[in-house]
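Encoded as structure tokens, the structure appears first; notes follow it.
Atoms considered below: every heavy atom in the structure, side chains included; atoms not considered: hydrogens, waters and symmetry mates. We name chains A, B, ... by the order of the sequence lines, and we start the count at 1 in each one.
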2 protein chains.
Amino acid sequence: MPLPPLNALRAFEAAARHNGFVAAADELCITRGAVSRHVKLLEAHLGVTLFRRTHRGVDLTAAGQRLLPVLTDAFSAIERETRSLTAQGAELRIICPPALSIRWLFPRLESFRRDHPEIRVRLTTEFYGQQGFDAAEYDLGISLEHRPGRSPDIEVQPLFPMVLSPACAPDLAEGGARLTDPHQVGAFTLLHESPRRSDWATWLETFGIGGVDVESGEVFPNLDMAVRAAVMGSGVVMADLFLCREELARGTLVLPFPDMRCETPEGRYCLIGPRDKWKDRKVRAFRDWVAGMSGMDTDAAR
Amino acid sequence: MPLPPLNALRAFEAAARHNGFVAAADELCITRGAVSRHVKLLEAHLGVTLFRRTHRGVDLTAAGQRLLPVLTDAFSAIERETRSLTAQGAELRIICPPALSIRWLFPRLESFRRDHPEIRVRLTTEFYGQQGFDAAEYDLGISLEHRPGRSPDIEVQPLFPMVLSPACAPDLAEGGARLTDPHQVGAFTLLHESPRRSDWATWLETFGIGGVDVESGEVFPNLDMAVRAAVMGSGVVMADLFLCREELARGTLVLPFPDMRCETPEGRYCLIGPRDKWKDRKVRAFRDWVAGMSGMDTDAAR
DNA sequence: GGCGTTGGATCAGTTTTCCTGATCCAACCT
DNA sequence: AGGTTGGATCAGGAAAACTGATCCAACGCC
């Protein structure tokens, strides 16, 4: 059996809570005639009398008393959930890979929040799933320009380049069995930023260095952890010069081959988002903020 | 904040349960275009995306997954309650005073149910409240024709007369201090059928019998109990000859003054019901049935 | 690769629902 | 008697909902 007319249920519920049609009309922003008609319609539909009409309002019948709490609970639950979702709909939902988040975006978000107190940002620090960026779940993401399989409905705004070069602790570059010959990197522990091991593979291929087992070494779930292992002297990490700029500046990591830098074929870091939200006010605000900020960071990444 | 468009919520819920718009359209008896539009409208209203569209249907987003159980629970509860009320709306609701119910109507209802298996009768055995017959709660009632204060919107169908005469246990009429003089009824315990004591008052006034304290005696909540007390020899009850016909036939009650009978000024027993339901099919069926039955009972009440 | 199928999106036009504003009535109070 | 308040009703208009047609994307089958 189909539900009764939902607007009639809502009118009945309001009238019952207020013990009258006039107050219900006020709450629902309709006329008392409309409430009266809704209630009449509902009583006809159900075949029961819901109100006893008095000269000063209405009283609930036993049937009306049975129905009221069910409707009040139902509409209250719906109102709470939809209000919460509407609040969530007002959020700017951003997804960012872990290393990039913790080493670039997360610390800077305070600045954005200060510039835009009216925009509630929800940052998810996580890699994309199997299907890549999920436009249904996020307003914006950080990725690389030429990642394959991206939907044509996704806009791309370049940020700064991803420049790679091997990095290690100073004593690994200058100690006894120090790393001075690029063709000898295979003799050291390679520290990988992901199971794909793509960064080492890219660098070795770019400089035509063979005889290195790229399957060897240690794999970490993200670059941040691989970098921290390198700082501990555990091996050589294929560092992203921008993301590791603090370690390099501090000398906790050094570049054994500073002139041997390359970029990933997947292009620069970029901001991505669904085309239909690209001009959304809060998305625009974030894009503009990031453009201003990453201009400086782009220079710093050279 | 007002609720979102309720029909859009319903369309979303059905689509979410079915993982698709086509099946939802089937369930709701609308076209897939209508479902699509409802969902689009709801997403715009809430400012969140509820579905991920695929080529073979839709998947719920996290927001959609939050909203679905709330709506399913709400609509299920509403559907259950309104279905139950509709079933109740199909009932024939009758209210009858206790003695009349237990001594006349209740035992005969089986006959009506046999004649009309399609009509579900709900008999309430109770006196009316302060406001008299409640047309919002009951389809039919049993009363006396000329009860004061009755709404003009109530129809009346006469049944049989209410004939009064004193009745007592045989040994009270024939024992040592036996009841042989109507002017001596005050020497015995008067058994009253209600706090109003109206039946005794009526009889005494009809036959001009003075010197009897009508405030004396025992008061019972209804005639049935007063009659049973009389059968036990506790005193003299002002019996309704029709309702006490079994005790009189069996000799467990006797009439000390069989020629001294009167009727109440409030008229005959009658069936009452609201005018707007008087021609309702199930009300008609009951009225016809009662007319057939009470023709016989009217004769028996003489 | 072409064709057919299925499901979602869109829209002009139509239908249905909902609403307003006016009016009426009953029951109360002053 | 007159004024106030709340519910009932209805003609006419507005808004919501819907249909049917069309389009597109993504798949499976041949």
Side-chain angles (χ1 to χ4, degrees), chain A residues 2-45 49-61 64 131 135-136 149-154 274-276, chain B residues 2-45 49-61 64 131 135-136 149-154 274-276:
Chain A
L3 286 165
L6 296 173
N7 287 322
L9 288 171
R10 188 191 59 163
F12 161 75
E13 194 271 339
R17 265 193 292 106
H18 290 289
N19 293 114
F21 294 1
V22 174
D26 283 346
E27 178 180 300
L28 302 175
C29 302
I30 58 180
T31 62
R32 73 179 71 183
V35 175
S36 180
R37 184 179 151 74
H38 272 308
V39 171
K40 197 84 164 183
L41 202 102
L42 184 60
E43 286 176 327
H45 181 95
T49 303
L50 298 169
F51 285 123
R52 221 172 274 113
R53 274 73 166 172
T54 77
H55 65 284
R56 275 296 186 186
V58 290
D59 293 329
L60 282 167
T61 62
Q131 310 296 331
R150 178 168 298 145
S151 165
D153 295 325
I154 299 297
R275 176 165 297 127
D276 63 348
Chain B
L3 286 165
L6 295 174
N7 288 323
L9 288 172
R10 187 191 59 162
F12 161 74
E13 193 272 340
R17 263 192 294 108
H18 291 290
N19 294 114
F21 293 0
V22 174
D26 283 345
E27 177 180 301
L28 301 176
C29 302
I30 58 181
T31 63
R32 71 178 74 179
V35 175
S36 179
R37 185 179 150 73
H38 272 307
V39 172
K40 197 83 165 185
L41 203 101
L42 184 60
E43 287 177 325
H45 181 95
T49 304
L50 298 168
F51 286 122
R52 218 171 275 114
R53 273 73 166 173
T54 77
H55 65 284
R56 276 296 184 186
V58 289
D59 292 331
L60 282 168
T61 61
Q131 311 295 333
R150 178 169 297 146
S151 166
D153 295 323
I154 299 296
R275 177 167 295 124
D276 63 349

Applying salt bridge (charged side-chain N to carboxylate O under 4.0 Å, His left out) to A/R52 and not counting sequence neighbours gives B/D134, B/E137
So, with a heavy-atom separation below 4.0 Å from DNA chain C, the residues of residues 16-35 of chain A are A/C29, A/I30, A/T31, A/A34
Taking five pairs at each terminus, the helix from C/dG1-D/dC30 to C/dT30-D/dA1 shows an axis bend, to 10°, of 30°
For B/V58 and B/G20, the nearest pair of non-hydrogen atoms, with its separation, is CG2-N, 3.7 Å
In short, salt bridge (charged side-chain N to carboxylate O under 4.0 Å, His left out) pairs touching residues 5-23 of chain B with sequence neighbours left out are B/E13-B/R17, B/R17-B/E27
Students should find that the nucleotides of DNA chain C closing off the region near chain B, any atom under 4.0 angstrom from a heavy atom, are C/dT6 to C/dT10
On DNA chain D, more 5' by nearest nucleotide between A/N7 and A/K40 is A/K40
For A/F21, the ring-ring contact (aromatic ring centres under 6.0 Å, His included) test, sequence neighbours excluded, returns A/F51
Across all chains, not counting sequence neighbours, the side chain to side chain contact (heavy atoms under 4.5 Å, CB included) partners of A/A34 are A/I30, A/T31
*Side chain B/T61, main chain B/L50, donor-acceptor under 3.5 Å*: yes
With sequence neighbours left out, the residues meeting salt bridge (charged side-chain N to carboxylate O under 4.0 Å, His left out) with B/D153 are B/R275
message: I want to check something: taking the side chain as every heavy atom from C-beta on, are B/F12 and B/L60 in contact at a cut-off of under 4.5 Å?
response: yes
The side chain to side chain contact (heavy atoms under 4.5 Å, CB included) partners of A/R37 (sequence neighbours excluded) come to A/L41
Residues of residues 53-60 of chain A with a heavy atom under 4.0 Å from any atom of DNA chain D, listed by number, are A/R53, A/H55, A/R56, A/G57, A/V58
Taking every heavy atom of A/A135 against every heavy atom of A/I154, the minimum-distance pair comes out as CB-CD1, 4.4 Å
Next item on the list: In sequence, state the C-alpha distance, the side-chain angles, and the governing distance for A/L9 and A/H45, and then conclude on side chain to side chain contact (heavy atoms under 4.5 Å, CB included).
Entry: CA-CA 11 Å; A/L9 288 171; A/H45 181 95; over 6 Å; no
Nearest heavy-atom approach of B/N7 to B/H38 is CB-CE1, 3.8 Å
To the nearest angstrom, the CZ-P distance between A/R37 and D/dG13 comes to 17 Å
Here the distance between atom P of D/dA17 and atom CG of A/L6, to the nearest Å, is 10 Å
Here the distance between atom C1' of D/dA16 and atom CG of B/L9, to the nearest Å, is 15 Å
